[in-house]
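Read the structure below first, then the notes.
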Number of protein chains: 2
Amino acid sequence: MVRVGLTAERLTRAGAELADEVGFDEVTVSALARRFDVKVASLYSHVKGSQDLRTRIALFALAEMADRVADALAGRSGKDALAAFADAYRDYARQHPGRYAAAQLRLDPETAASSAGVRHAQMTRALLRGYDLPEPEQTHAVRMLGSVFHGYISLESGGGFAHTAVDPQVSWSWMVDSLDAMLRARAAS
Amino acid sequence: MVRVGLTAERLTRAGAELADEVGFDEVTVSALARRFDVKVASLYSHVKGSQDLRTRIALFALAEMADRVADALAGRSGKDALAAFADAYRDYARQHPGRYAAAQLRLDPETAASSAGVRHAQMTRALLRGYDLPEPEQTHAVRMLGSVFHGYISLESGGGFAHTAVDPQVSWSWMVDSLDAMLRARAAS
DNA sequence: CCCATTTGCCTAAAGCCATTAGGTATGAAC
DNA sequence: GTTCATACCTAATGGCTTTAGGCAAATGGG
């Protein structure tokens with residue numbers, strides 16, 4: 001009985017890697033046990049169960065993604081910041097599709113409130129400060145940016161753009177440009 | 001042995017209803033058999049299996065949603081059409097969350113090509129004709145509209161907007177307004 | 001109208017996943 | 001070196017999926 005040295009953290013990291021390889025939906029307690037060459041029941045000493053494992057992976061991905069976005073945003077402002085912000089999310093999703101999917105997991109309000117999710121919201125607001133929108137509109141804009149970027153990434157990764165010849169990268173840039181123009185127009189009004 | 005009269009169509013419809021009640025992820029061959037008070041194996045005469053069932057529900061939802069959107073679009077143009085288009089999707093997702101989720105199921109390219117998915121794309125293009133965009137941009141705009149609306153609906157249904165007091169309906173209207181303005185600006189340029 | 005064939009639904013069984021209960025051995029601390 | 005916590009194990013239950021093979025109800029040709 002060789003001790004492998006499992007911990008909740010190692011399981012979470014391995015789960016994140018597994019998610020990137022086979023998809024978040026296929027991340028299962030059994031598959032993870034197999035990967036560590038350990039019996040399934042052994043994992044239950046470290047995580048409460050399947051749901052707990054998935055939640056941990058989601059929180060890990062949210063935090064990692066927030067770090068990336070924060071890095072991308074550092075020292076930038078205006079349209080430059082907007083593009084860096086957008087690319088940080090899209091790049092993360094392309095490099096780590098499973099983790100990105102994990103980050104979309106519905107968390108219960110309490111867990112969500114203590115997650116890196118709030119950093120994402122804060123960074124979006126910080127970004128928008130550059131556009132000087134009055135308060136109700138700032139919230140609208142936060143929601144809109146979250147929607148476009150998340151929606152695009154989700155459709156792109158789902159192969160939704162595969163049937164057209166137009167380069168998704170070009171559409172992405174066009175979209176970021178358009179959003180910048182739109183936000184500047186709204187600020188002026 | 002009373003015959004219940006199962007067919008692939010009845011199973012699909014019942015599956016769609018079940019999805020709305022318990023979520024698309026919980027739609028299972030077993031649950032559906034239970035609902036018809038029939039043994040699980042009996043369903044396998046009508047659908048190939050779990051994946052087939054889910055695909056059928058997805059195709060059903062895509063078609064139903066396309067019908068709704070087509071109705072909403074009839075006789076409208078410009079911003080009016082844009083708002084009706086957007087609302088048709090959002091209303092469908094709110095009335096039928098499980099079906100809306102089903103409609104996001106990744107289909108293999110062949111199935112997708114013969115699904116109502118193409119009608120969705122066609123209607124989006126038709127809608128955009130009102131804005132008179134040159135060709136490469138039209139594709140960008142199709143993608144952008146799909147992204148914003150899908151993204152918003154997905155975040156809203158996931159409770160992503162629950163922590164702020166601002167009415168999601170107001171943000172939605174603001175977003176539609178902003179998109180309309182943006183598209184008109186792009187047409188002019 | 002009846003018999004044959006189709007076919008709708010069944011039982012049985014195997015495989016995989018999740019989860020819990022309770023056992024054994026290992027590594028650390030005294 | 002003995003003790004004690006704990007890391008990992010075996011065993012067992014229950015759910016979902018899928019396949020194979022059987023019986024009976026519907027259907028239709030003679």
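Letters go in sequence order (proteins before strands), and every chain restarts at 1.
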What distance separates A:Met65 CE from A:Phe60 CZ, expressed to the nearest 0.5 Å? 12.0 Å
Gap between atoms [atom1] and [atom2], on [X] and [N] respectively (whole Å):
{"X": "B:Gln51", "N": "D:dT19", "atom1": "CD", "atom2": "P", "value": "13 Å"}
{"X": "B:Lys48", "N": "D:dT18", "atom1": "NZ", "atom2": "C1'", "value": "14 Å"}
{"X": "A:His46", "N": "D:dC9", "atom1": "NE2", "atom2": "P", "value": "10 Å"}
{"X": "B:Phe36", "N": "C:dG8", "atom1": "CZ", "atom2": "P", "value": "14 Å"}
{"X": "B:Arg35", "N": "D:dC16", "atom1": "CZ", "atom2": "P", "value": "14 Å"}
{"X": "A:Leu6", "N": "D:dC9", "atom1": "CG", "atom2": "P", "value": "8 Å"}
{"X": "B:Lys39", "N": "C:dT11", "atom1": "NZ", "atom2": "P", "value": "5 Å"}
{"X": "A:Asp25", "N": "D:dC16", "atom1": "CG", "atom2": "C1'", "value": "16 Å"}

Categorize A:Val40 for me: base, sugar-phosphate, or nothing, with a 4.0 angstrom heavy-atom threshold over every strand shown. base
How would you label the contact of B:Ser45 with the nucleic acid (heavy atoms, under 4.0 Å): base, sugar-phosphate, or nothing? base
Nearest-neighbour nucleotide for the [X] side chain, [options] considered:
{"X": "B:Ser50", "options": "C:dC10, D:dA25, D:dT17", "result": "D:dT17"}
{"X": "B:Ser30", "options": "C:dT11, D:dA26, D:dC16", "result": "D:dC16"}
{"X": "B:Thr28", "options": "C:dC17, C:dG8, D:dT17", "result": "D:dT17"}
{"X": "B:Ala41", "options": "C:dT20, D:dT17, C:dA12", "result": "C:dA12"}
{"X": "A:Tyr44", "options": "C:dT19, C:dC9, D:dT17", "result": "C:dT19"}
{"X": "A:Val29", "options": "D:dC8, D:dA26, C:dT19", "result": "C:dT19"}

Please determine whether a side-chain nitrogen or oxygen atom of [X] lies at a distance below 4.0 Å from atom OP1 or OP2 of [N].
{"X": "B:Ser42", "N": "C:dC10", "result": "yes"}
{"X": "B:Arg34", "N": "D:dC16", "result": "yes"}
{"X": "B:Arg3", "N": "C:dC10", "result": "no"}

Ignoring hydrogens and geometry beyond distance, is a side-chain donor-acceptor pair present between B:Ser114 and B:Glu110 at under 3.5 Å? no
Cation-pi, A:Tyr131 ring and A:Arg186 (6.0 angstrom, 45 degrees): no
Check side chain to side chain donor-acceptor pair (under 3.5 Å) between B:Asp67 and all other residues, then give those that pass, not counting sequence neighbours. B:Arg119
State, with a plain yes or no, whether a side-chain heavy atom of B:His150 is found less than 4.5 Å away from one of A:Tyr152. no
